Amino acid sequence: MITLRPMEDTMADYTALHSWFLEPELRQWVWCDEKDEPDVPLERVIEKYGQRIKHPTDVFPYFILQNGEPIGFIQYYFADETTIGLDMWLGTRQVRSKGHGSEALRQMVRLIHRKYPAVRELFIDPEVENIRAVKCYRKAGFQDVQEIIDEEGARCLLMKMYLDA
């Protein structure tokens, strides 16, 4: 069973997140601070995500759980009053391509819709070559909008979901 919970200010959560940043397949698509960074130290993960946990203002990190155990990460952030962006990944190869990511996204969409009824648009922007992520987001209901170039210079696919009032 897939569930979500807010990331907690615990060494267990920081260590899990840190291990995912070091996972070889994920390193191609996910990073702590910048693309192709060297191994990120645990202290940097604690510094960056600890602030988001202890003082949530504009980025809200959650863990994706399978039967209560962390298997991935999802966060949302406000682009403006009616638009929220999302980032997500599953931590290890063993849990990918089983529908867990799509289910986690659907749950996050419901959570956002309940918590922020004024939000009308969600977006996510995987790299174009990240076929597994693009398929997952389409399966969860996101629609392709256009290709964009992100701040790191990567070709990304802007995908959106529109929420009803």
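The structure displayed is predicted, hence computed values, not measured ones. All residue numbers in this chain count up from 1 along the given sequence.
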Which atom names give the shortest non-hydrogen contact between [X] and [Y], and what distance separates them?
{"X": "Ile124", "Y": "Leu86", "value": "CG1-O, 3.3 Å"}
{"X": "Phe63", "Y": "Pro70", "value": "CD2-CB, 3.5 Å"}
{"X": "Ala118", "Y": "Thr82", "value": "O-CG2, 3.4 Å"}
{"X": "Asp150", "Y": "Cys156", "value": "OD2-SG, 3.6 Å"}
{"X": "Gln146", "Y": "Ile148", "value": "NE2-CG2, 3.5 Å"}

* Parallel, tilted or perpendicular: ring planes of Trp89 versus Phe21, cut at 30 and 60 degrees -> tilted

* Describe, in one word, how the ring planes of Tyr76 and Tyr116 are oriented to each other, choosing from parallel (under 30°), tilted (30 to 60°) and perpendicular (over 60°). => perpendicular

* To do: Evaluate side chain to side chain donor-acceptor pair (under 3.5 Å) for Asp9 paired with Tyr49, printing each intermediate quantity in order.
  => CA-CA 9 Å; Asp9 183 31; Tyr49 290 89; over 6 Å; no

Can you check whether [X] reaches [Y] side chain to side chain, under 4.5 Å on heavy atoms?
{"X": "Lys160", "Y": "Leu158", "value": "yes"}
{"X": "Ile64", "Y": "Gln107", "value": "no"}
{"X": "Gln66", "Y": "His100", "value": "yes"}
{"X": "Met88", "Y": "Tyr137", "value": "yes"}
{"X": "Leu157", "Y": "Arg138", "value": "yes"}
{"X": "Phe73", "Y": "Pro61", "value": "yes"}
{"X": "Asp13", "Y": "Ile53", "value": "no"}
{"X": "Phe78", "Y": "Asp58", "value": "no"}

* Count the heavy atoms of every other residue, nucleotide or ligand shown that sit under 6.0 Å from CD of Glu81, and state whether that count exceeds 12. => no

* Asked: Between atom CD1 of Ile112 and atom CG of Leu163, what is the distance when rounded to the nearest 0.5 Å?
  -> 8.0 Å

